[in-house]
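For reference, the structure discussed in these notes is given below.
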Amino acid sequence: MLAGEALDLIGGMYGIEKKFRSRPPPELLVARRAHTRPLVDAFWLWCAQTLGDPALTPKHPIRRAVNYAVERRQSLEVFLDDPLVPIDTNGVERALRRVKLGQKNWLFSWTESGAYNVGIINSLTATCQLLEISPLVYLVDVLQRIDTHPADRIHELAPRLWKELFADTPMTGSIDMTVVRAHLDATRGPS
């Protein structure tokens with residue numbers, strides 16, 4: 001099988017990711033550089049050799065797939081330098097599935113601005129879910145905090161940094177915490 005070697009290399013990358021994904025980010029980064037990087041380099045070598053194969057016509061599916069990957073090489077390698085970036089986009093795609101399923105609910109947002117804002121809220125809630133943050137707790141906190149938060153540090157309210165800085169002591173204001181706790185329990189599922 002022509003793609004067998006590439007599939008073995010990719011499988012090896014996922015095996016390393018599975019083994020180290022529960023480790024702290026610095027350890028995951030070291031593992032990616034030490035173990036995954038050589039497999040990634042071998043994959044790109046396989047791609048170059050495959051593209052050099054005169055038997056593969058320009059329209060051959062393997063050649064087209066390899067060209068697609070090679071054109072996106074820089075983006076595909078981002079995870080090697082940032083331990084917070086997953087090896088693939090499966091989590092993002094799962095989070096966005098809810099957007100597609102609800103498409104008819106917000107198909108008519110009445111205005112372009114309304115549709116734009118629905119997109120922002122969907123993006124924020126999907127990001128929260130990927131980071132294992134309750135979107136309700138995040139939004140309640142940020143909407144209360146944003147009025148007094150310094151403008152030059154507004155980036156701290158993005159979900160990833162918010163989780164590090166404020167998740168342990170979120171602002172709840174007049175929100176009934178029993179509702180928030182019930183929501184948290186429902187989103188976490190069974191322990």
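Any value given below was found using the heavy atoms of this structure, including those in side chains, with hydrogens, waters and symmetry copies removed.
- Among residues two or more places apart in sequence or in another chain, the side chain to side chain donor-acceptor pair (under 3.5 Å) test is passed with Arg145 by Asp141.
- Grouping the Ile, Leu, Val, Met, Phe, Trp and Tyr side chains by contacts below 4.5 angstrom, directly or via other members, places Ile10 apart from Leu45.
- When hydrophobic clusters are built by joining Ile, Leu, Val, Met, Phe, Trp and Tyr residues whose side-chain heavy atoms come closer than 4.5 Å, directly or via intermediates, Leu51 is grouped together with Val40.
- Considering only heavy atoms from C-beta on, Leu124 comes within 4.5 Å of Pro159 through its side chain.
- By the 4.5 Å heavy-atom criterion applied to side chains, Phe20 and Val30 are not counted as neighbours.
- No donor-acceptor distance shorter than 3.5 angstrom exists from the side chain of Arg32 to the backbone of Ile16, with no hydrogens or angles considered.
- With hydrophobic clusters built from ILVMFWY side chains whose heavy atoms lie under 4.5 angstrom apart, Leu165 does not share a cluster with Leu84.
- Between Trp46 and Ala3, the shortest heavy-atom contact is CZ2-CA, 4.0 Å.
- The shortest side-chain heavy-atom distance between Leu161 and Phe166 does not fall under the 4.5 Å cut-off.
- In this structure a side-chain-to-backbone donor-acceptor pair under 3.5 Å is missing from Tyr138 to Ala167.
- Among all heavy-atom pairs drawn from Leu28 and Pro83, the shortest one is CD2-O, 3.5 Å.
- For the side chain to side chain contact (heavy atoms under 4.5 Å, CB included) test, residues two or more places apart in sequence or in another chain that qualify with Ser113 are Thr111, Asn117.
- Note on Leu157: it clusters hydrophobically with Ile120, by side-chain heavy-atom contacts below 4.5 Å among ILVMFWY residues.
- Taking all atoms of both residues into account, the shortest heavy-atom contact from Ala69 to Leu76 is O-CD1, 3.6 Å.
- Taking every heavy atom of both residues into account, Arg63 and Asp53 meet most closely at NH2-O, 3.0 Å.
- Under the 4.5 Å side-chain contact rule for hydrophobic residues, Leu29 and Leu39 do not share a cluster.
- Taking CG from Asp81 and CZ from Arg33, the interatomic distance works out to 5.5 Å, rounded to the nearest 0.5 Å.
- For the pair Met171/Val142, no side-chain contact is recorded, criterion being any heavy-atom separation below 4.5 Å from C-beta on.
- By the 4.5 Å heavy-atom criterion applied to side chains, Glu77 and Arg37 are counted as neighbours.
- Put simply, the side chain of Gln144 gets close to the backbone of Val140: a donor and an acceptor are under 3.5 Å apart.
- For the side-chain contact (heavy atoms from CB on, under 4.5 Å) test with Ile133, the passing option among Leu136, Leu131, Val137 is Leu131; the others fail.
- Separating the CD atom in Glu5 from the OG1 atom in Thr50 is a distance of 7.5 Å, to the nearest 0.5 Å.
- A cation-pi arrangement is absent between Arg64 and Tyr68, since the terminal nitrogen or guanidinium carbon is not both under 6.0 Å from the aromatic centre and inside a 45° cone about the axis.
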